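Atoms within each ligand, like the ligands themselves, are counted from 1 in listed order. Remember, it's a predicted structure, so these values are computed and weren't measured experimentally.
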Amino acid sequence: MLHLVREIRDHNAEPSFDALGAMIYYIDAFPERFHHPKEDQYLFRLLRARYLDAGPLIDRLEEEHRVGAHKIRTLEQALARYQSGGQREFAHFDAAVEDYAEFHWKHMSDEENEVLPLARKHLTAEDWSAIDAAFLGHADPLVGLEAGAEYRALFTRIVSLAPPPIGVGPALRPRSR
Ligand SMILES: [Fe+2]
Ligand SMILES: [Fe+2]
């Protein structure tokens with residue numbers, strides 16, 4: 001999405017609403033509705049139980065899951081406005097994409113750099129079995145693990161719609177003025 005909005009902003013490309021829409025649908029279907037609730041219910045819940053000092057960190061990341069759920073709605077609305085309202089709505093959509101990407105990049109970094117080291121240290125083998133069972137059933141196609149058919153189909157759709165170099169869809173064209 002960052003690539004697409006930057007091509008529109010910096011190189012006057014025609015927006016690919018199909019690709020943008022498929023990407024936002026994927027973010028809603030996978031990270032927002034599937035991945036974050038599993039973190040809350042398994043990884044975070046177990047870490048909180050095993051290591052009380054992780055409480056404030058887990059509180060913050062759970063709050064970010066709630067904030068993220070609002071941000072994806074903002075993103076959907078900004079795309080709808082851009083698609084219906086045209087170029088004058090682009091700046092708002094652009095800002096929503098940059099905001100969402102930055103927010104989640106930070107969120108993922110905190111999970112990788114703060115939560116996972118604590119989890120490695122404090123969770124038991126049984127905890128990890130429960131977490132693995134919860135996550136592996138429909139693992140994320142973006143990180144190359146076995147994917148549920150639904151998410152694999154979504155991923156394929158994005159690849160087929162997104163322009164090169166990120167997908168194999170139609171190349172972006174210059175915007176007609
Ligand atoms: Fe998360
Ligand atoms: Fe995560």
Side-chain angles (χ1 to χ4, degrees), residues 1-6 19-80 92-159 161-162 166-167:
M1 291 187 75
L2 288 172
H3 173 77
L4 293 184
V5 294
R6 287 168 186 174
L20 290 169
M23 288 172 175
I24 291 177
Y25 183 81
Y26 171 83
I27 294 169
D28 183 55
F30 192 86
E32 295 294 344
R33 290 177 194 263
F34 190 82
H35 177 80
H36 294 164
K38 286 202 174 184
E39 287 178 333
D40 293 342
Q41 288 160 29
Y42 292 90
L43 179 63
F44 291 178
R45 179 178 60 78
L46 289 167
L47 180 58
R48 197 192 279 282
R50 300 283 174 227
Y51 181 60
L52 288 180
D53 286 358
L57 169 65
I58 301 293
D59 287 345
R60 176 163 62 80
L61 292 169
E62 287 182 344
E63 173 60 18
E64 287 177 6
H65 286 171
R66 286 189 283 274
V67 172
H70 286 287
K71 285 186 184 293
I72 188 72
R73 297 285 89 79
T74 301
L75 200 51
E76 284 172 350
Q77 287 164 11
L79 179 66
H92 177 69
F93 177 68
D94 184 12
V97 170
E98 294 279 353
D99 174 70
Y100 192 88
E102 191 184 319
F103 175 81
H104 275 293
W105 189 253
K106 167 84 168 55
H107 179 79
M108 289 192 297
S109 301
D110 289 347
E111 287 175 344
E112 288 176 12
N113 299 325
E114 297 185 50
V115 172
L116 292 182
L118 288 176
R120 271 189 208 105
K121 202 166 161 194
H122 298 284
L123 296 185
T124 66
E126 293 75 47
D127 294 339
W128 283 116
S129 301
I131 292 166
D132 284 350
F135 278 88
L136 287 177
H138 293 85
D140 191 343
L142 291 181
V143 293
L145 301 171
E146 188 195 331
E150 186 188 347
Y151 298 118
R152 186 183 291 281
L154 281 178
F155 180 70
T156 302
R157 181 169 152 74
I158 291 171
V159 173
L161 288 171
I166 49 172

| task | May I have the step-by-step check of side-chain hydrogen bond (donor to acceptor under 3.5 Å, both in side chains) for D132 and S129, ending in yes or no? | result | CA-CA 5 Å; D132 284 350; S129 301; 6.0 Å; no
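- Using a 4.0 Å cut-off between a side-chain N of Lys or Arg and a carboxylate O of Asp or Glu, R6 and D94 do not qualify as a salt bridge.
- The Fe ion (ligand 1) has E39 OE1, H65 NE2, H107 NE2, E111 OE2 as its protein N, O or S neighbours under 2.8 Å.
- Checking V97, I158, L79 one by one against M23, the side-chain contact (heavy atoms from CB on, under 4.5 Å) holds for a single residue, I158.
- Screening H36, H107, H104 for a side chain to side chain donor-acceptor pair (under 3.5 Å) with E64, the sole residue that qualifies is H107.
- Under a 4.0 Å N-O distance rule, the pair R66/E63 qualifies as a salt bridge.
- The aromatic rings of F135 and H35 lie perpendicular to each other, with more than 60° between the two planes, well past the 30° mark.
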